[in-house]
Structures are given as structure tokens and as C-alpha cells.
Amino acid sequence: MPSDHRPRWVPEHVDIDVPSAARMYDYYLGGSHNFAADRELAEEYMRVLPDMPQIARAQRHVLRRAVRHLAASGVDQFLDLGSGIPTVGNVHEVAAAANPDARVVYVDADPVAVAHSFSLLADFPQAAVIQADLRRPGAILSHPELTRLIDLSRPVAVLMIAVLHFVADEDDPAAVVATYRDATAPGSYLAITHATSDYQPQLARRAEAVYTRASHQIHYRTKQQILDMLGGYELLEPGLVDMIHWRPDPDSGADPLGGDVTRYSGYAAVGMHR
Ligand SMILES: C[S@@+](CC[C@H](N)C(=O)[O-])C[C@H]1O[C@@H](n2cnc3c(N)ncnc32)[C@H](O)[C@@H]1O
């Protein structure tokens with residue numbers, strides 16, 4: 001497999017011949033922080049799931065709608081787990097539009113995502129990025145950058161957009177979510193999107209097979225399996241729903257997939273714990 005030339009912004013230890021879930025997502029979103037190996041596997045995935053660019057955009061829209069809603073509700077601290085490679089409408093930008101004092105900590109396992117977030121945030125002292133595995137909450141919750149910016153005794157919005165499906169059953173995603181829940185103050189929130197196998201189970205299995213060659217494997221789940229991860233959270237209306245139905249913007253125009261939820265194959269929810 002041919003490697004791209006190696007741009008200066010790639011951290012030294014990164015093997016650009018291993019497709020990365022973060023850089024593949026950047027490719028679906030039309031970004032330029034990806035390499036030949038990422039694009040090849042992303043193209044293979046899109047042969048299974050041609051709607052992936054629209055799905056990725058829809059998930060970014062959920063992220064923005066959720067952050068806007070939570071910031072308007074008074075939340076001024078955000079912990080974005082699996083934040084990815086920065087793109088249009090990042091959490092600190094959306095949150096700052098509602099509250100200029102909002103603080104944001106980004107966390108991602110991918111070194112390229114972290115390097116880009118780091119350079120983007122150079123002039124933004126109210127946000128930071130941590131390279132870490134979200135399955136190890138202890139290291140994140142006690143990280144000096146987190147404790148510098150986030151006061152865990154006050155409500156925090158924990159964002160897990162398009163990332164819980166990268167946590168395998170063996171890693172007990174419900175327990176991971178519960179650890180963040182228990183570490184955050186009452187009145188804190190969790191926002192998620194998650195890929196589902198409910199509508200097209202065979203296609204979901206084929207899609208999973210493609211990702212076995214990526215840095216992170218994907219796990220499509222049923223609505224009940226996803227609900228089971230949200231224990232202890234009181235879901236805001238309209239609950240765990242098809243992602244395009246989570247508080248859609250009234251002025252967002254025609255849906256690019258004709259509003260066909262089976263093509264999006266993903267759910268969204270925002271919950272609060274008391
Ligand atoms: C599909 S992208 C979503 C990015 C972003 N949340 C968004 O909605 O645009 C998933 C991201 O989760 C990251 N990721 C996957 N597993 C992770 C883990 N265990 N810990 C931290 N980050 C993880 C990947 O590196 C990737 O950047």
C-alpha cells in the first residue's frame with residue numbers, strides 16, 4: 001500500500017499506513033487530515049454504506065444542537081470524549097457563542113486529532129486537549145488540564161458523539177459511562193450518538209467487518225443495548241431517537257437523505273443525572 005508523503009504536522013510515532021478511525025471520519029466529512037490508507041478503507045466502507053458522508057454530517061449537527069441547547073440551559077463546562085479531528089463548528093466555538101466563558105476539554109486517543117486540536121486551541125485558554133483513552137476515565141478525570149478547566153463539583157456536559165460504538169462489549173461501555181456519570185455533579189449531562197443495527201442488520205455486520213482493519217473497531221448496537229448504557233440518566237425529550245429526530249432545527253432545510261432514518265442508522269440522546 002503506497003504511503004503519502006509525511007506532512008510536518010504528523011507526530012513522529014504515527015504509522016500513517018494504519019487506517020485511523022479519526023482520519024477516516026475526517027475524510028467522510030470532506031477534511032484534508034487523512035492519508036492514503038485512511039482513504040482506501042473509508043472508500044471501502046462507503047461501498048457498504050454510501051450514505052456515510054451524510055451520516056457523519058448528521059452526527060456533527062446533533063453535536064451542535066446538543067451543545068447549543070446545553071449552553072443555553074446554563075451549562076458552561078464541556079468534556080468532549082472522542083472529539084476527533086477539529087472541523088467546522090467545534091464544541092468550544094458553539095459553546096462560546098452562547099457563553100464566552102464556557103470551558104471545554106477535548107479528549108481523543110488519536111495523535112493526529114490531538115495535534116490538530118492543540119494547534120487550533122493555542123489562542124483559546126479556556127479549552128484544552130488531552131490524548132487519552134476514554135475507557136480509562138481515572139487518568140482523564142484527574143488530568144491537570146481537566147482539573148485546570150473543569151470544576152467537577154459543578155454540572156458538566158459529557159459528550160460522547162459517535163464514539164461509544166468504538167467501545168467493545170468486553171470493555172463494558174455501560175460501566176465506562178457510569179464512571180463519568182458518578183464523577184460528575186448532579187445536574188450534569190451526557191450527550192451521545194450511536195450507530196444501530198436495528199434497521200439493516202446484515203449491512204451493519206458488513207460495516208463492522210471493514211473496521212476490523214482500522215485503529216478502532218466499530219460495534220453497531222440495538223436501541224435497547226444503547227439504552228442500557230444510559231442508566232442513571234433522565235433523558236430529555238424526545239428520548240433516545242433516530243438522530244435526525246433529536247430536536248431538529250426548524251430552519252435546517254430539506255434532509256439530504258429524504259428523512260429516511262433507516263439510511264442514517266443511528267440514534268441520539270441527551271440525558272441529565274440528578
Ligand atoms: C467517529 S469519530 C467522532 C468524532 C467527534 N466526536 C465527532 O462527532 O465529530 C470517533 C473518534 O473517537 C476516537 N476514539 C475511539 N475510541 C476512543 C477511545 N477509546 N478513547 C478516546 N478516543 C477514542 C477516535 O480516535 C475518533 O477521533
Side-chain angles (χ1 to χ4, degrees), residues 21-23 25-26 28-31 33 55-110 112-132 134 137 140-141 143 145-152 154-166 177 180-181 183-185 187-194 233 236 243 246-247 249 252 266 268-272:
R23 299 193 306 260
Y25 205 67
D26 176 67
Y28 304 137
L29 286 168
H33 298 111
I55 295 170
R57 279 190 199 102
Q59 297 194 106
R60 293 292 303 179
H61 288 313
V62 172
L63 171 69
R64 284 178 219 129
R65 298 201 295 277
V67 171
R68 234 184 280 131
H69 172 78
L70 295 173
S73 311
V75 178
D76 61 358
Q77 313 189 95
F78 294 83
L79 175 58
D80 187 357
L81 299 169
S83 47
I85 294 174
T87 176
V88 204
N90 294 297
V91 173
H92 68 285
E93 294 155 341
V94 179
N99 177 354
D101 294 327
R103 289 156 178 257
V104 181
V105 172
Y106 292 103
V107 176
D108 204 284
D110 186 279
V112 167
V114 170
H116 278 288
S117 306
F118 191 77
S119 57
L120 185 85
L121 298 174
D123 298 327
F124 201 86
Q126 286 150 248
V129 58
I130 299 172
Q131 183 174 351
L134 68 87
I140 294 170
L141 293 164
H143 194 286
E145 284 294 72
L146 185 138
T147 53
R148 174 175 75 84
L149 289 168
I150 291 186
D151 174 359
L152 289 170
R154 295 199 303 110
V156 181
V158 176
L159 312 172
M160 298 180 92
I161 303 295
V163 69
L164 269 177
H165 48 227
F166 289 111
V177 169
Y180 290 103
R181 184 197 64 217
T184 51
S188 292
Y189 291 88
L190 170 71
I192 67 148
T193 66
H194 196 301
Y233 282 101
L236 308 192
M243 65 169 112
W246 196 87
R247 302 190 181 213
D249 276 335
S252 62
V270 177
M272 184 177 78

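Remember, predicted model here, so these are calculated numbers, not experimental data.
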Student: Taking C-beta and beyond as the side chain, do Val75 and Val156 meet within less than 4.5 Å on heavy atoms?
Tutor: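 No. Closest side-chain heavy atoms not under 4.5 Å.
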
Student: With sequence neighbours excluded, tell me which residues meet salt bridge (Lys or Arg N to Asp or Glu O under 4.0 Å) with Arg247.
Tutor: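 Checked Arg247 against salt bridge (Lys or Arg N to Asp or Glu O under 4.0 Å); zero matches.
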
Student: Distance-only, no hydrogens or angles: does the Asn99 side chain make a donor-acceptor pair with backbone N or O of Ala96 under 3.5 Å?
Tutor: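 Absent.
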
Student: Any donor-acceptor pair under 3.5 Å linking the side chain of Arg181 with the backbone of Tyr233?
Tutor: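 No; judged by distance alone, with no hydrogens or angles, the pair does not exist.
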
Student: Which atoms form the tightest heavy-atom contact between Gly89 and Arg64, and what is the distance?
Tutor: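 Reported closest heavy-atom pair: O-NE, 3.5 Å.
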
Student: Mind checking side-chain hydrogen bond (donor to acceptor under 3.5 Å, both in side chains) for Gln59 and listing every partner two or more places apart, or none if nothing turns up?
Tutor: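 Gln59 satisfies side-chain hydrogen bond (donor to acceptor under 3.5 Å, both in side chains) with Tyr25, Thr193 once adjacent residues are dropped.
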
Student: Can you confirm whether Leu152 sits close enough to Leu146 that some side-chain heavy atom of one is under 4.5 Å from a side-chain heavy atom of the other?
Tutor: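 Yes - at least one pair of side-chain heavy atoms lies under 4.5 Å apart.
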
Student: Grab the two heavy atoms, one from His116 and one from Pro86, that are nearest each other, plus how far apart they are.
Tutor: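 Scanning both residues completely, I find the closest heavy atoms to be CB-CD, 3.7 Å.
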
Student: Quick one: pull up CG in Asp80 and CD1 in Ile130 and give me the separation to the nearest 0.5 Å.
Tutor: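 One finds 11.5 Å between CG of Asp80 and CD1 of Ile130.
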
Student: Rounded to the nearest 0.5 Å, what's the gap from CD1 on Ile55 to CZ on Arg60? Could you check?
Tutor: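 With rounding to 0.5 Å, CD1 (Ile55) is 15.5 Å from CZ (Arg60).
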
Student: Working to the nearest 0.5 Å, report the span between CG of Leu141 and OH of Tyr180.
Tutor: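 One gets 6.0 Å once the value is rounded to the nearest 0.5 Å.
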
Student: Let me confirm one number: the CE-CG distance from Met272 to Leu70, rounded to the nearest 0.5 Å.
Tutor: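 Going from the CE atom of Met272 to the CG atom of Leu70 covers 10.5 Å.
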
Student: Quick one: are Leu79 and Val107 in side-chain contact, heavy atoms under 4.5 Å?
Tutor: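 Side chain of Leu79 against side chain of Val107, heavy atoms only: contact under 4.5 Å found.
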
Student: Test: ring pair (Phe, Tyr, Trp, His ring centres under 6.0 Å). Region: residues 60-106. Which pairs qualify, not counting sequence neighbours?
Tutor: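 Sorted pair list: His92-Tyr106, His92-Phe124.
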
Student: With no hydrogens and no angle check, is any side-chain donor or acceptor of Asp108 less than 3.5 Å from a backbone partner on Ser83?
Tutor: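 It does hold such a pair.
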
Student: What I want to find out is whether Asp76 reaches Arg154 closely enough, with some N-O distance under 4.0 Å, to be called a salt bridge.
Tutor: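 Judged by the 4.0 Å cut-off on N to carboxylate O distance, Asp76 and Arg154 do form a salt bridge.
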
Student: With Asp123, which residues qualify under salt bridge (Lys or Arg N to Asp or Glu O under 4.0 Å), at least two apart?
Tutor: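 For Asp123 there are no salt bridge (Lys or Arg N to Asp or Glu O under 4.0 Å) partners, ignoring immediate neighbours.
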
Student: Do Val104 and Gln126 have side chains that approach each other closer than 4.5 Å (heavy atoms only, starting at C-beta)?
Tutor: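 Contact flag for Val104/Gln126 side chains = no.
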
Student: If only atom types and distance count, is the side chain of Gln77 paired as donor or acceptor with the main-chain N or O of Pro155 below 3.5 Å?
Tutor: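 Yes, the answer is positive, given that a donor and an acceptor are paired below the 3.5 Å cut-off.
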
Student: With sequence neighbours left out, write down each residue that passes side chain to side chain contact (heavy atoms under 4.5 Å, CB included) with Ala21, or none if nothing qualifies.
Tutor: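 Only Phe166, Tyr211, Ser215, His216 meet the side chain to side chain contact (heavy atoms under 4.5 Å, CB included) criterion with Ala21.
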
Student: Could you measure the distance from the CD1 atom of Ile85 to the CG atom of Leu120? Nearest 0.5 Å is fine.
Tutor: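 If we round to the nearest 0.5 Å, Ile85:CD1 and Leu120:CG are 12.0 Å apart.
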
Student: Looking at residues at least two apart in the chain, or sitting in another chain, which of them share a side-chain hydrogen bond (donor to acceptor under 3.5 Å, both in side chains) with Asp110?
Tutor: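 Per chain and number, Asp110 pairs via side-chain hydrogen bond (donor to acceptor under 3.5 Å, both in side chains) with Ser20.
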
